[in-house]
Amino acid sequence: MRVRFAPSPTGFLHVGNARTAVLNYLFKKKYNATYILRIEDTDMERSTKESEESILNDLTWLGIQWDEGPDCGGNFGPYRQSERFDIYHEYTEKLLSSGNAYHCYCTQEELDAQRKIAAEANKPFIYPGTCRNLTLEQKKAFENQGRKPTVRFKVKEGITLTIDDQIKGTVIFNSENIGGDFIIVRSDGVPVYNYIVIIDDTLMNVSHVIRGEDHLPNTPKQMLIAMALGLPVPTYAHMPLLLGPDRTKLSKRHGITSVSVYREQGYLPEALFNYLGLLGWTLESGEEIVPVEKLVSEFELSKIGKSSAIFDFQKLKWMNSVYLRNLPFEKAFDLFYPYIEKAHLTASDNEWLKKVVDTVRGNCEIASDIVKEIGLFFGDTVEFEEDAEELLSTHEAQTVIRAAYELIHSTINAHNYSTETLGSIKQKTGLKGKMLFMPFRAMITGRLHGPELDKILPLLGYDRFATRIEYCYSRFAK
RNA sequence: GUCCCCGUCGUCUAGGGGUCUAGGACACCGGGUUUUCAUCCCGGCAACAGGGGUUCGAAUCCCCUCGGGGAUGCCA
């Protein structure tokens with residue numbers, strides 16, 4: 001069995017496409033199939049080399065390995081459509097000479113005008129076949145005007161196209177309502193997606209085409225071409241689309257859609273893979289956080305649901321936090337370090353830094369969170385968050401602040417501060433539990449959330465500890 | 001407009017005629033553990049789009065309506 005993932009290099013790898021890539025990969029692993037990576041770069045204006053590189057990069061990061069592709073070759077190459085124009089040209093000639101296609105001299109302006117009229121009349125636009133039977137003289141006349149023809153595929157009426165879809169079930173189209181004769185080669189000679197996918201899929205011996213549902217209405221066109229060319233049709237599996245919270249196709253305005261941004265923010269590839277791989281179906285046990293092997297062993301195209309799914313950013317984050325917490329310390333530290341470095345929060349004492357990271361890592365959902373979490377160990381004064389400020393303004397909190405202030409000016413010093421301060425304040429004020437700890441936490445860290453105070457204090461150092469108390473005293477309790 | 005796909009808690013889903021007073025997970029709310037945060041544990045909230053059939057019995061099968069999505073490009 002052979003599957004393929006066929007992105008067009010017109011931007012970063014989108015999570016929706018990444019899901020397609022992941023499911024194809026699950027299929028490959030499950031059935032020991034060959035995974036083909038094909039670059040669909042026939043949109044010359046929008047395709048870029050950088051985009052291709054970043055897509056390959058993101059796929060690799062996600063843990064997807066392909067067997068044949070533009071970078072590693074294979075027996076069915078080349079794997080970039082832009083390098084296969086000779087092949088397509090041959091098929092176009094066949095289609096032309098067998099009468100299945102013809103040259104069309106209609107200009108874009110003319111077609112746009114016809115589309116507009118149809119839209120205003122609330123009718124579907126069907127190409128009327130204007131150029132279907134042009135005489136040689138007519139063609140010459142157009143060419144003398146400087147018109148460059150496109151090539152249109154002739155769609156015969158009354159043909160029933162049946163797709164035996166592995167996810168959607170049987171889907172039937174009739175040839176009369178796919179919009180009439182459609183363009184397969186642009187006027188500049190570059191063939192169009194709908195035409196060459198099917199050629200490449202059969203030439204590359206693809207057995208299972210697993211792709212997004214948005215391609216389902218295009219499938220009959222591709223089948224028609226295959227029929228005219230006498231080529232076999234692969235097995236199809238159209239997966240439901242990924243939607244944003246407003247139920248429209250997932251796009252940038254909904255949040256992060258680019259895999260590279262997830263990587264930059266410190267998501268783990270295992271977590272993204274897990275989330276994407278299990279979106280739309282479930283394991284029999286109901287488990288959600290599972291290794292790839294588990295996903296592979298239970299994967300089945302027929303288990304994928306038919307309805308589209310909304311991308312749940314929150315659940316992905318949760319999943320990532322679980323993966324992050326389960327990471328061994330050294331690995332986690334390596335993951336955090338670049339963010340720490342970028343925020344200039346490194347320290348001369350690396351062992352100290354490691355201890356600091358270890359105490360706060362549990363509060364991180366994604367790796368970049370480390371910057372915010374670690375911040376409380378740096379700086380003499382703290383920035384108070386709104387809720388912390390509110391708490392510190394209360395009467396009870398002020399007694400805590402005063403008690404701490406008095407202590408650093410009497411019995412508490414660098415040797416005993418981390419072990420005795422809280423107990424002494426408790427004694428002095430009679431406060432305990434939340435009433436004691438929360439104001440204290442707010443005073444030292446500026447926040448109501450954070451790691452255990454017992455762990456913070458020894459790492460913070462007496463100087464910062466005392467300075468912060470002084471600062472807090474002057475702001476809230478003077 | 002036309003064609004195609006889809007419709008169970010807010011979200012991802014389990015379920016495929018009786019075991020469904022509809023199960024799990026995320027989120028949310030409450031409680032417990034932690035003298036504090038988070039983790040963790042326990043509990044709660046919350047759904048079969050609507051209407052007709054078929055059947056002793058329907059979330060499950062059929063039809064219609066409504067709703068959502070996709071396609072309708074010299075994009076992929």
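Every chain is numbered from 1 and lettered A, B, ... according to where its sequence line falls, protein lines coming before strand lines. On a predicted model such as this, the values are computed, not experimentally measured, just so you know.
Among rA38(B), rG69(B), rG73(B), the nucleotide with an atom closest to any side-chain atom of Asn363(A) is rA38(B). When the nucleotides rG73(B), rU36(B), rA25(B) are ranked by their closest atom to the side chain of Arg115(A), rG73(B) comes out on top. For Gln108(A), the listed nucleotide lying nearest its side chain is rC74(B); candidates were rC3(B), rC5(B), rC74(B). When distances run from any side-chain atom of Ile310(A) to the nucleotides rU36(B), rU11(B), rA76(B), the shortest one goes to rU11(B). Counting only heavy atoms from C-beta on, Leu243(A) has its side chain closest to rG69(B) among rA76(B), rA25(B), rG69(B). Closest approach to the Lys315(A) side chain among rC5(B), rC26(B), rG68(B) is made by rC26(B) (side chain taken as heavy atoms from C-beta onward).
Contact check on Lys372(A) versus Asp369(A) returns no salt bridge, with no Lys/Arg side-chain nitrogen under 4.0 Å from an Asp/Glu carboxylate oxygen. Of the charged side-chain nitrogens involved, at least one lies within less than 4.0 Å of a carboxylate oxygen, so that Arg253(A) and Asp246(A) count as a salt-bridged pair.
Close to rU11(B), at under 4.0 Å from its OP1 or OP2, lies a side-chain N or O of Arg247(A). For Thr282(A) and rC12(B), the shortest distance from a side-chain N or O to OP1 or OP2 is not below 4.0 Å. Contact annotation: Lys148(A) does not reach the phosphate of rC74(B) (side-chain N/O to OP1 or OP2, under 4.0 Å).
No side-chain heavy atom of Arg441(A) sits less than 4.5 Å from a side-chain heavy atom of Leu376(A).
Nucleotides rG23(B) and rC4(B) place their P atoms 37 Å apart, quoted to the nearest Å. The separation of rG24(B) from rA14(B), taken at their P atoms, amounts to 15 Å, rounded to a whole angstrom. The separation of rG67(B) from rA49(B), taken at their P atoms, amounts to 16 Å, rounded to a whole angstrom.
Two residues, Lys221(A) and His449(A), neighbour RNA chain B, and the one matched to the more 5' nucleotide by heavy-atom proximity is His449(A). Taking the nucleotide of RNA chain B with the nearest heavy atom to each of Leu448(A) and Pro191(A), the more 5' of the two is matched to Leu448(A).
Lys221(A) forms a cation-pi arrangement with Phe182(A), by the criterion of a distance under 6.0 Å to the ring centre and an angle within 45° of the ring axis.
Atom CH2 of Trp281(A) and atom P of rC6(B) are 20 Å apart (whole Å).
Taking a pair to require two hydrogen-bonding distances under 3.5 Å in either a Watson-Crick or a G-U wobble arrangement, rG1(B) pairs with rU72(B).
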